[in-house]
Amino acid sequence: MTLLFATHNDHKVEELNQLLPDSISLISLNDIGCEVEIEETGVSLEENAKIKADFARMKFGLDCFADDSGLEIEALDGAPGVYSARYGGEERDMDKNIQKVWNELKGHQNTRAWFRTVFYLRLEGKEYVFKGRVEGSIIFEKRGTKGFGYDPIFIPKGYQKTFAELGDDIKNKIGHRAIATQSLIKVLGS
Ligand code: ITT
């Protein structure tokens, strides 16, 4: 089956393509030439995932799903959270986003953090929500070149390296989207 993934983030598509069986092929908003920036006006990952999936369903009339994810830091009361993509400013610059995390976290002993994702699936008139979460901690330097976003400053619990050092093999086993994808696969029935 072909499923529309309502995202402009090619890193997410690449991750999901590695996780899904060959019988499910994804097309993204970039693949179908949709350049519209969907306004993520929700105050939670759940709301934004729904906004993105509903937009794609209305515009293209296809079964689809969307993901909204974010990094949540305990000492910052869950920030950047739903604002992860724009934490350092509207230009969505990851260097600025990471610098802001470091500025805000400076002086805190507690570096505990987690990534969280919410998938919202619209399939054959039904709606489904799947969630995934991975625990870890923040470091004050960037390490590694794999992955994307906050991966170079996030060390998952039980490891000594960042997601950007560990790469796909580990992230595809323990990552937040990997966990949510297991539930997605069950519903898609493959
Ligand atoms: P779409 O909305 O088009 O799907 P996006 O990049 O804007 O793409 P989100 O709204 O879900 O995605 O924003 C989440 C941000 O959180 C993203 O830009 C990254 O900075 C960060 N993030 C999400 N998942 C991540 C991951 O697995 N590793 C590192 N950072 C991640």
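Just so you know, ligand 1 is whichever comes first in the structure, and atom 1 is the first atom listed for that ligand. These values consider heavy atoms only, across backbone and side chains, with no hydrogens, waters or symmetry-generated copies. Everything numeric in this text was worked out from a predicted model, so none of it was measured.
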Self-check item: Under 4.0 Å to a heavy atom of K171 - the qualifying atoms of ligand 1, by number
Solution: 26 (C), 27 (O), 28 (N)

Quiz item: Considering only heavy atoms of R177, which atoms of ligand 1 have at least one such atom less than 4.0 Å away?
Solution: 24 (N), 25 (C), 26 (C), 27 (O)

Quiz item: Is there a heavy atom in L71 that sits closer than 4.0 Å to ligand 1?
Solution: no

Quiz item: At what distance is the nearest protein heavy atom to atom 28 (N) of ligand 1, and which residue and atom is it?
Solution: D151 OD1, 2.7 Å

Practice problem: Measure the spacing between CD1 of I138 and CD of E104 and express it to the nearest 0.5 Å. | Solution: 13.0 Å

Self-check item: Side chain to side chain, V129 and F119, heavy atoms closer than 4.5 Å
Solution: no

Quiz prompt | Atom indices of ligand 1 within 4.0 angstrom of M94 heavy atoms, with elements | solution = 20 (O)

Self-check item: Check ion pair R177-D67 (N to O, under 4.0 angstrom)
Solution: yes

Exercise. For D77, look at atom CG and say whether over 12 heavy atoms of other residues, nucleotides or ligands are found less than 6.0 Å away.
Key: no

Quiz prompt | Approximate separation, where rounding is to 0.5 Å, of F115 CZ and F163 CZ | solution = 7.0 Å

Practice problem: Number the atoms of ligand 1 from 1 as they appear, then name those within less than 4.0 Å of a heavy atom of G149, with their elements. | Solution: 20 (O), 29 (C), 30 (N)

Practice problem: Mark the output for K52 as yes if a heavy-atom distance to ligand 1 is under 4.0 Å, and as no if none is. | Solution: yes

Self-check item: From F130, Y120, F5, residue fulfilling ring-ring contact (aromatic ring centres under 6.0 Å, His included) relative to F65
Solution: F5

Quiz item: Considering H8, E40, R92, which one's heavy-atom position lies nearest to atom 5 (P) of ligand 1?
Solution: R92

Exercise. Could you check atom 21 (C) of ligand 1 against the protein and tell me its nearest heavy-atom contact, residue, atom and distance included?
Key: Y150 CD1, 3.8 Å

Quiz prompt | H176: numbered ligand 1 atoms lying under 4.0 Å from its heavy atoms | solution = 24 (N), 25 (C), 26 (C), 27 (O)

Quiz item: Closest non-hydrogen protein atom to atom 12 (O) of ligand 1, residue and atom name please, with distance?
Solution: K12 NZ, 2.9 Å

Quiz prompt | Test item: N48 side-chain N/O and D68 main-chain N/O as donor-acceptor pair under 3.5 Å | solution = no

Quiz item: Are K50 and E127 close enough for a salt bridge, meaning some N to O gap below 4.0 Å?
Solution: no

Quiz prompt | Note: D151-K146 ion pair, threshold 4.0 Å (strictly below) | solution = no

Self-check item: Salt-bridge contact R86-E91 (side-chain N to carboxylate O under 4.0 Å)
Solution: no

Exercise. Give the residue, atom name and distance (to 0.1 Å) of the protein heavy atom nearest atom 1 (P) of ligand 1.
Key: T7 OG1, 3.4 Å

Practice problem: Could you list which atoms of ligand 1 come closer than 4.0 Å to a heavy atom of S84? | Solution: 15 (C), 16 (O)

Quiz item: ligand 1 versus F148, non-hydrogen atoms closer than 4.0 Å: side chain, backbone, both, neither?
Solution: both

Exercise. Would you tell me which option among S69, P152, G175 has the nearest heavy-atom contact to atom 14 (C) of ligand 1?
Key: S69

Exercise. List the closest protein heavy-atom neighbour of atom 6 (O) of ligand 1: residue, atom name, distance to the nearest 0.1 Å.
Key: N9 ND2, 3.0 Å

Exercise. State plainly whether the residues E135 and K157 are in salt-bridge range, i.e. N to O under 4.0 Å.
Key: no

Quiz item: Which protein non-hydrogen atom lies closest to atom 18 (O) of ligand 1, naming both residue and atom, and how far is it?
Solution: A85 CB, 3.6 Å

